[in-house]
Amino acid sequence: MEHLTFQALQNYLSLKYKEGRTSSGLFMKLVEEIGEVAEVLNQLEGRKSITSDISLEQELVDVIHYAVAIASINQIDLSKAILEKDKQAAVKYNQSPNLEEFMAIGNMMSSQEIK
């Protein structure tokens, strides 16, 4: 199985939602899913009794799905946006490495492990 990339997910969701869905409609679904994540966390952490089969994994996937769908129908390249935003945060909070540097280090380490 191939690794999923943001680009592949965005291409898929652009096709899936090319007609009939608006950003605000997808946002309403996103908010609903965030509420479901909150419900699961409350149950898992004992603040509420467990009332059904709960899956933090499935609810987080739903949150990611709708967030990426909103970006997709608005032609936002999430890979590029995430790298740019992380660079800004790294400078603002004096953190190193930033995500792009981390990925480069990881790729160098992976290629050294192969040899």
Practice task
Please list, chain by chain and in numerical order, all residues satisfying side-chain contact (heavy atoms from CB on, under 4.5 Å) with Leu60, sequence neighbours excluded.
Solution key: Val37, Leu56

Exercise for the section: Report yes or no: does Asp86 contribute a side-chain atom to a donor-acceptor pair with the main-chain N or O of Leu99 at less than 3.5 Å? Expected result: yes

Problem - salt bridge (Lys or Arg N to Asp or Glu O under 4.0 Å) against Glu101, all qualifying residues, sequence neighbours excluded - result: none

Fill in the blank from the handout: Nearest heavy-atom contact between Leu78 and Gln10 is N-OE1, 3.0 Å

Handout entry: Results of side chain to side chain donor-acceptor pair (under 3.5 Å) for Glu57 - residues two or more places apart only
Key = none

Handout entry: Set of side chain to side chain donor-acceptor pair (under 3.5 Å) partners for Asn42, sequence neighbours left out
Key = Arg47

Practice task
State which residues pass salt bridge (Lys or Arg N to Asp or Glu O under 4.0 Å) with Glu100; sequence neighbours excluded, sorted by chain then number.
Solution key: Lys87

Handout entry: Counterpart residues, salt bridge (Lys or Arg N to Asp or Glu O under 4.0 Å), relative to Lys85 (two or more places apart)
Key = none

Practice task
State the CD1-CZ distance between Ile82 and Phe6, to the nearest 0.5 angstrom.
Solution key: 3.5 Å

Handout entry: Residues forming a salt bridge (Lys or Arg N to Asp or Glu O under 4.0 Å) with Lys80, sequence neighbours excluded
Key = none

Practice task
Go through the structure and list residues passing side-chain contact (heavy atoms from CB on, under 4.5 Å) with Ala67, not counting sequence neighbours.
Solution key: Leu30

Practice task
Provide the full list of side-chain hydrogen bond (donor to acceptor under 3.5 Å, both in side chains) pairs with a residue in residues 11-24, sequence neighbours left out, each pair given once.
Solution key: Gln7-Asn11, Tyr17-His65, Thr22-Ser24, Ser23-Asn74

Problem - Atom of Ser72, atom of Leu13 and distance for their closest heavy-atom approach - result: OG-CB, 4.1 Å

Exercise for the section: Could you state whether Val61 and Leu4 fall into the same hydrophobic cluster, counting links through intermediate Ile, Leu, Val, Met, Phe, Trp or Tyr residues with side-chain heavy atoms under 4.5 angstrom apart? Expected result: no

Completion exercise
Contacts of Gln43 meeting side-chain contact (heavy atoms from CB on, under 4.5 Å) (sequence neighbours excluded), chain-then-number -> Glu39, Lys48, Ile50, Thr51, Ile54

Fill in the blank from the handout: For Glu33, the side-chain contact (heavy atoms from CB on, under 4.5 Å) test, sequence neighbours excluded, returns Lys29, Glu36, Glu59, Asp62, Val63, Tyr66

Fill in the blank from the handout: In short, ring pair (Phe, Tyr, Trp, His ring centres under 6.0 Å) pairs touching residues 27-55 with sequence neighbours left out are none

Practice task
For Glu32, look at atom CD and say whether over 12 heavy atoms of other residues, nucleotides or ligands are found less than 6.0 Å away.
Solution key: yes

